[in-house]
Amino acid sequence: MAPAGSAQARGGRDAVRSAYAQPSTRPRCIDDRRPAMGGSARITLVGGTQALLDSCFAMLGDLELRWSRFLPGSEISVLNNSEGRPVRLSEETMRLVVELVAAWSMTGGVFDPATLPRLLELGYRTSHTNPALQTVLPASARWPGDMAGIRVGGSTVILPKGTTLDPGGLGKGLAADMIVEFALNGGARGALVDVGGDLVVAGDAPDGMAWIIAVEDPFEATKEPAAPVATVRLGAGAVATSSRLNRRFETVEGPVHHLIDPSSGHNSTTGAVTATVIAGSGARAEALTKLAFNTEPAAAFGLIARLGGEAMIVPGDRQPLFSTGWKDFQ
Amino acid sequence: MGRMKPNTIPPAMMTNRRTPRAPRVSPARNAKIGVAGLSVSAFLALVTALAVGNQTQPAPENLPVTTVPAEQAVPQPDTSSRVVPAQAPGVVPAPVPAPAVVPVPVRPPAVTTPAPKPAAPNGTSRGSGG
């Protein structure tokens, strides 16, 4: 044990004092918003450096190059055109495929990442941000796909001939998960990553208390700043919202949106305008929003709670419906 | 010299056979026992009496039966009719003080501090289009 007056003892006392002094010397908070994944992404770092923030955006760009269905050279496009042949994938894309299959299995097929041929059939073929980019699938592509027939081994995936995968919103949520992990491993004390409206948070919040996440009111979205329909407080976790008001396109059958009910191949008829889910990860939250969209509210709330989430559904009458545990986050 | 037949005892010796006597106790040994407070004869009489006592155990069915009461009822003091005085007789309780008069404000006090501003959200979740 060091003598009371020694330099070692003084150093120990200083360390204790500095630990208690943290609230008055809160770490610097930096953030930025940049275009990404067909929309925009915002990253907030608590205690991180500008170089780390740039690396986070670079990682997001790299994931987009691997996962975009509009880019012919992406790993997902190569996989979708493999027609039953094994494809060697990067570690990141392997994780994406595993998450897609797990979400399909977990929701009993209500979340279906194999509806891409149906979306193309309805007319959602062209990128909204770059009309020069189009999704190209082989002639064998069909819906429904054979999700149960997907084989994963080591770094290789085999999709049954005709089956294709669309990362969609789950890809955005998973990208947010991975970038938050990357930021914390890179030295940030806290991080918020928002990819196209799906948010993942972990570590210290800017105020040292909780991450405060607003949920946009879909009927007031044009207001600036956007009016919230709800606000939640998180220590760590994710908030994802799916909306039928976005990604709309015209078909011969009339206007439709991108959320396809796998039981019918058409838009859901449950009446939900938006569905927001709080869950432990962005990938999980995104998958569960499809459950909230394609199932009647009472049943959806029960299913989502059993899978570790809480949900809010905003129907056409603008009166939001909440699952029982939602209040725990307010 | 003639040889004796084995296992034969002359009749004269048989008729003259003497009854074995009780072991003789030397006066010195008797004196030692006497120190303990008993003479040998008294000690032997006592042992004999104890042995006889042990041989006359009555059969279990002849033993006197001890009756054990199944459950002894313990009477409980009857307190139902007992009146417990709240206080010792003769002590007069102190009067309960009247509630303090709370003045009713003529008008509500002025608010001198603004209501806390709600914390700004760190982010907003919106329809992702995924």
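The figures that follow rest on heavy atoms only: side chains count, while hydrogens, waters and symmetry mates do not. This one's a predicted model, so the numbers in the text were calculated from it and none came from an experiment. Every chain is numbered from 1 and lettered A, B, ... according to where its sequence line falls, protein lines coming before strand lines.
- Proximity to chain B (any heavy atom under 4.5 Å) is restricted, for A:Leu192, to the side chain, taken from C-beta onward.
- Donor-acceptor pairing under 3.5 Å is recorded for the side chains of A:Thr241 and B:Ser125.
- In this structure, A:Asp32 and A:Arg42 have side chains that are not in contact, with every pair of non-hydrogen atoms separated by 4.5 Å or more.
- Within the 4.5 angstrom heavy-atom criterion, only backbone atoms of A:Ala210 (N, CA, C, O) approach chain B.
- Within a 6.0 Å sphere centred on CZ of A:Arg34, other residues, nucleotides and ligands contribute more than 12 heavy atoms.
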(request) Evaluate the criterion side chain to side chain contact (heavy atoms under 4.5 Å, CB included) for residue pair A:Ile260 and A:Leu119; output intermediate values, then yes/no. (result) CA-CA 8 Å; A:Ile260 301 296; A:Leu119 268 179; 3.9 Å; yes
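- Contacts of A:Ala230 with chain B are absent, with no heavy-atom separation under 4.5 Å from either backbone or side chain.
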